[in-house]
Amino acid sequence: RAKTSGRGTAAFFDAQMDLEARERRRLEADLRQAIAREQLRIVYQPLVATAGARVTGYEALLRWDHPERGAVSPSEFIPIAEDTGTILGIGEWVLRQACREAAQWVEPLTLAVNVSPVQFQMANLEDVVVSAVEDAGLDPARLELEITETALLKERDRTIAVLNALKARGIRVVMDDFGTGYSSLSNLQSFPFDKIKIDRSFIQAMESDEAARSIIRAIIGIGRSLAMPVVAEGVETDAQRAMVEQEGCPQAQGFFFGMPGLGPLSRLAEMVENEAELKLAANG
Ligand code: C2E
Ligand code: MG
Ligand code: MG
Ligand code: MG
């Protein structure tokens with residue numbers, strides 16, 4: 001009896017795994033078509049200077065509108081794109097699109113683009129970035145590339161060389177989600193980052209957890225001595241905003257300041273449109 005039920009359970013799990021594998025293969029195939037079918041779009045989330053809460057730039061974040069599933073989160077589809085190599089095409093598309101849009105923004109606004117560790121393994125990441133910037137006519141000094149720590153685990157020397165080559169072109173490099181990966185501190189020592197983005201898990205814990213606040217303080221201290229300003233991500237409340245400003249984060253990002261959405265150009269166009277509609281309505 002035990003044997004039968006064991007077999008039954010195994011069969012059930014087999015079927016379940018089969019289903020999941022098939023689902024996954026379908027998502028992979030759909031993702032391969034997503035650019036051509038115009039299902040990908042980019043939203044922009046503001047980064048602000050904590051002093052005065054002035055917008056200094058925007059981070060480009062990918063969105064996938066799947067025809068049947070609706071919105072698929074990047075935390076779900078980016079790993080798939082990375083496993084299958086689709087991220088190379090997608091990553092280049094994001095860079096090109098976002099640079100073209102940012103070239104239209106008012107001059108000092110910066111653009112941050114996330115770059116996958118897999119993109120660092122290609123031979124020509126530098127060329128891809130430089131050609132996106134040049135074709136868009138974007139000042140490279142306005143571009144920041146955000147890289148998570150996992151990018152640094154493989155081929156350290158090559159990654160350092162690529163980062164330095166990008167920096168030599170005036171492009172800035174930012175360590176993203178700092179504090180969640182491995183060997184964080186030695187990474188700061190070896191890699192030429194211009195900025196550190198502290199992971200939002202620390203920001204979200206800091207109000208209730210003195211330890212989280214101490215860690216933030218320590219990271220800011222290290223950043224200061226390495227000339228790497230620390231940016232707070234995931235600021236959701238005014239209390240968190242006040243705390244990160246008080247601790248000395250020159251920049252912050254989070255739902256409190258703005259959700260990912262239209263870029264400044266489209267936002268302006270929408271406002272003008274709404275105003276025109278209001279006038280029409282008032283006149284008519
Ligand atoms: P990330 O680069 O750390 O981006 C920040 C994520 O936190 C975004 O999620 C953003 O919507 C979310 N977020 C911002 N402020 C808040 C807040 O106050 N509270 C909370 N709870 N969340 C906040 P999103 O857009 O879902 O992206 C998730 C991750 O997917 C990104 O994390 C990034 O690692 C990756 N990703 C997104 N777009 C791209 C892309 O174009 N290329 C690559 N390689 N990765 C991307
Ligand atoms: Mg990021
Ligand atoms: Mg981040
Ligand atoms: Mg993150």
Side-chain angles (χ1 to χ4, degrees), residues 31 34-35 39-48 50 53 55 57-65 70-102 110-122 125 128-129 132 143-152 172-181 184 193-207 219 230-241 243-244 249 251-263:
L31 195 52
I35 295 182
Q39 293 164 359
L40 295 182
R41 67 193 159 87
I42 302 171
V43 288
Y44 297 89
Q45 186 181 28
L47 276 141
V48 305
T50 43
V55 174
Y58 291 83
E59 177 177 4
L61 294 163
L62 254 181
R63 293 293 178 262
W64 182 16
D65 302 311
V72 184
S73 153
S75 341
E76 190 180 342
F77 73 80
I78 296 282
I80 296 177
E82 289 176 334
D83 283 352
T84 54
T86 320
I87 192 66
L88 299 183
I90 292 176
E92 181 166 0
W93 180 84
V94 171
L95 264 166
R96 293 193 158 274
Q97 286 288 116
C99 286
R100 223 178 288 147
E101 161 126 14
T110 58
L111 167 71
V113 178
N114 294 286
V115 178
S116 158
V118 176
Q119 291 175 272
F120 271 89
Q121 287 163 44
M122 2 183 246
L125 179 62
V128 168
V129 174
L143 179 63
E144 293 176 342
L145 300 179
E146 298 195 356
I147 302 138
T148 53
E149 284 184 296
T150 41
L152 312 177
R172 276 163 302 141
V173 293
V174 180
M175 155 137 291
D176 202 354
D177 299 342
F178 183 75
T180 53
S184 321
F193 289 106
D194 296 288
K195 211 155 87 172
I196 302 167
K197 252 185 168 178
I198 196 169
D199 192 69
R200 71 160 182 263
S201 54
F202 297 104
I203 309 303
Q204 270 150 29
M206 78 186 299
E207 275 176 89
I219 295 173
V230 173
V231 178
E233 70 172 19
V235 173
E236 293 182 352
T237 67
D238 193 39
Q240 288 164 354
R241 178 207 58 77
M243 277 189 191
V244 299
C249 288
Q251 258 186 352
Q253 186 179 28
F255 296 165
F256 178 76
F257 300 107
M259 304 287 289
L262 293 176

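When a ligand or atom number is given, it counts from 1 through the structure's own listing order. Heavy-atom basis, side chains included; hydrogens, waters and symmetry copies ignored.
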Discussion item. Tell me whether E101 contacts the main-chain N or O of A98 through its side chain, where contact means a donor paired with an acceptor under 3.5 Å.
Written reply: no
Worksheet entry | Side-chain donor/acceptor of D199 to backbone N/O of G179, under 3.5 Å | no
Worksheet item: Could an N or O of ligand 1 be found under 3.5 Å from any N or O of L62, whether backbone or side chain?
Response: yes
Item to complete: Show the numbers, then the answer: is there a side chain to side chain contact (heavy atoms under 4.5 Å, CB included) between V174 and D176?
Response: CA-CA 6 Å; V174 180; D176 202 354; 5.6 Å; no
Discussion item. Regarding S116 and E82, do their side chains bring together a donor and an acceptor under 3.5 Å, going by distance alone?
Written reply: yes
Practice prompt. Inspect the contact between R172 and E144 and indicate whether a charged nitrogen and a carboxylate oxygen are less than 4.0 angstrom apart.
Written response: yes
Item to complete: With the side chain counted from C-beta on, respond yes when R63 and Q39 share a heavy-atom pair under 4.5 Å apart, and no when they do not.
Response: no
Worksheet item: Would a 4.5 Å heavy-atom cut-off, applied to side chains only, mark T148 and P117 as touching?
Response: yes
Worksheet entry | Closest D177 atom to the Mg ion (ligand 3) [N, O or S only] | OD1
Worksheet item: Hey, is E233 touching ligand 1 through its side chain, its backbone, both or neither, going by heavy atoms under 4.0 Å?
Response: side chain
Fill in: Nearest to the Mg ion (ligand 3) - the N/O/S atom of E233, by atom name
OE1
Item to complete: Could you tell me whether S116 approaches ligand 1 through its side chain, its backbone, both or neither, with non-hydrogen atoms closer than 4.0 Å?
Response: both
Fill in: With the Mg ion (ligand 2) as the apex, the OD2/OE1 angle for D176 and E146 - to 10°
90°
Practice prompt. Mark up the atoms of ligand 1 that fall under 4.0 Å of a heavy atom belonging to P260, in ascending order.
Written response: 11 (O)
Worksheet item: What atoms of ligand 1 come within less than 4.0 Å of a heavy atom belonging to V235?
Response: 18 (O)
Practice prompt. Using non-hydrogen atoms of the residue, decide whether G91 is closer than 4.0 angstrom to ligand 1.
Written response: no
Worksheet item: Q45: heavy atom below 4.0 Å from ligand 1, yes or no?
Response: yes
Worksheet item: Can you tell which part of R63 has a heavy atom less than 4.0 Å from ligand 1: side chain, backbone, both or neither?
Response: side chain
Fill in: Identity of the nearest option to atom 45 (N) of ligand 1, non-hydrogen atoms only, from D176, V115, I78, D199
I78
Worksheet entry | Option with minimal heavy-atom separation from atom 8 (C) of ligand 1, where the choices are V113, V43, L61 | L61
Worksheet item: Between the Mg ion (ligand 2) and N114, is there an N, O or S atom separated by less than 2.8 Å?
Response: yes
Fill in: Within-shell test, E82 vs ligand 1, heavy atom, strictly < 4.0 Å
no
Worksheet item: Between K195 and Q251, do the side chains contain an N or O donor and an N or O acceptor separated by less than 3.5 Å?
Response: yes
Worksheet item: For L88 and Q119, which heavy atoms make the closest approach, and how far apart are they?
Response: CD2-CA, 4.0 Å
Item to complete: Please identify which atoms of ligand 1 are closer than 4.0 Å to at least one heavy atom of E236.
Response: 17 (C), 18 (O), 19 (N), 20 (C), 21 (N)
Worksheet item: What atoms of ligand 1 come within less than 4.0 Å of a heavy atom belonging to V94?
Response: 41 (O)
Fill in: E59: its N/O/S atom lying closest to the Mg ion (ligand 2) (atom name)
OE2
Worksheet item: Are M175 and L152 close enough that some pair of their side-chain heavy atoms sits under 4.5 Å apart?
Response: yes
Discussion item. If you measure every N or O of G254 against every N or O of ligand 1, does any of those distances drop under 3.5 Å?
Written reply: no
Worksheet item: Applying a strict 4.0 Å limit to heavy atoms, is K197 in contact with ligand 1?
Response: no
Item to complete: Quick one: do T180 and E149 satisfy side chain to side chain donor-acceptor pair (under 3.5 Å)? Show the steps, please.
Response: CA-CA 8 Å; T180 53; E149 284 184 296; 4.9 Å; no
Worksheet item: How about F257 and V235: do any of their side-chain heavy atoms sit closer than 4.5 Å?
Response: yes
Discussion item. As a check for students: among V118, I203, D177, N114, identify the option with a heavy atom nearest to atom 40 (C) of ligand 1.
Written reply: N114
Fill in: ligand 1 versus M259: contacting region, heavy-atom distance under 4.0 Å
neither
Worksheet item: With distance as the sole test, does E236 use its side chain to make a donor-acceptor pair with the main-chain N or O of G254 at under 3.5 Å?
Response: no
Response to the item:
Filtering F77, F256, F255 for the heavy atom nearest atom 18 (O) of ligand 1 leaves F255
Discussion item. Are the side chains of V129 and V113 in contact, using a 4.5 Å heavy-atom criterion?
Written reply: no
Discussion item. Below the 3.5 angstrom mark, is there an N/O of Q119, backbone or side chain, next to an N/O of ligand 1?
Written reply: no
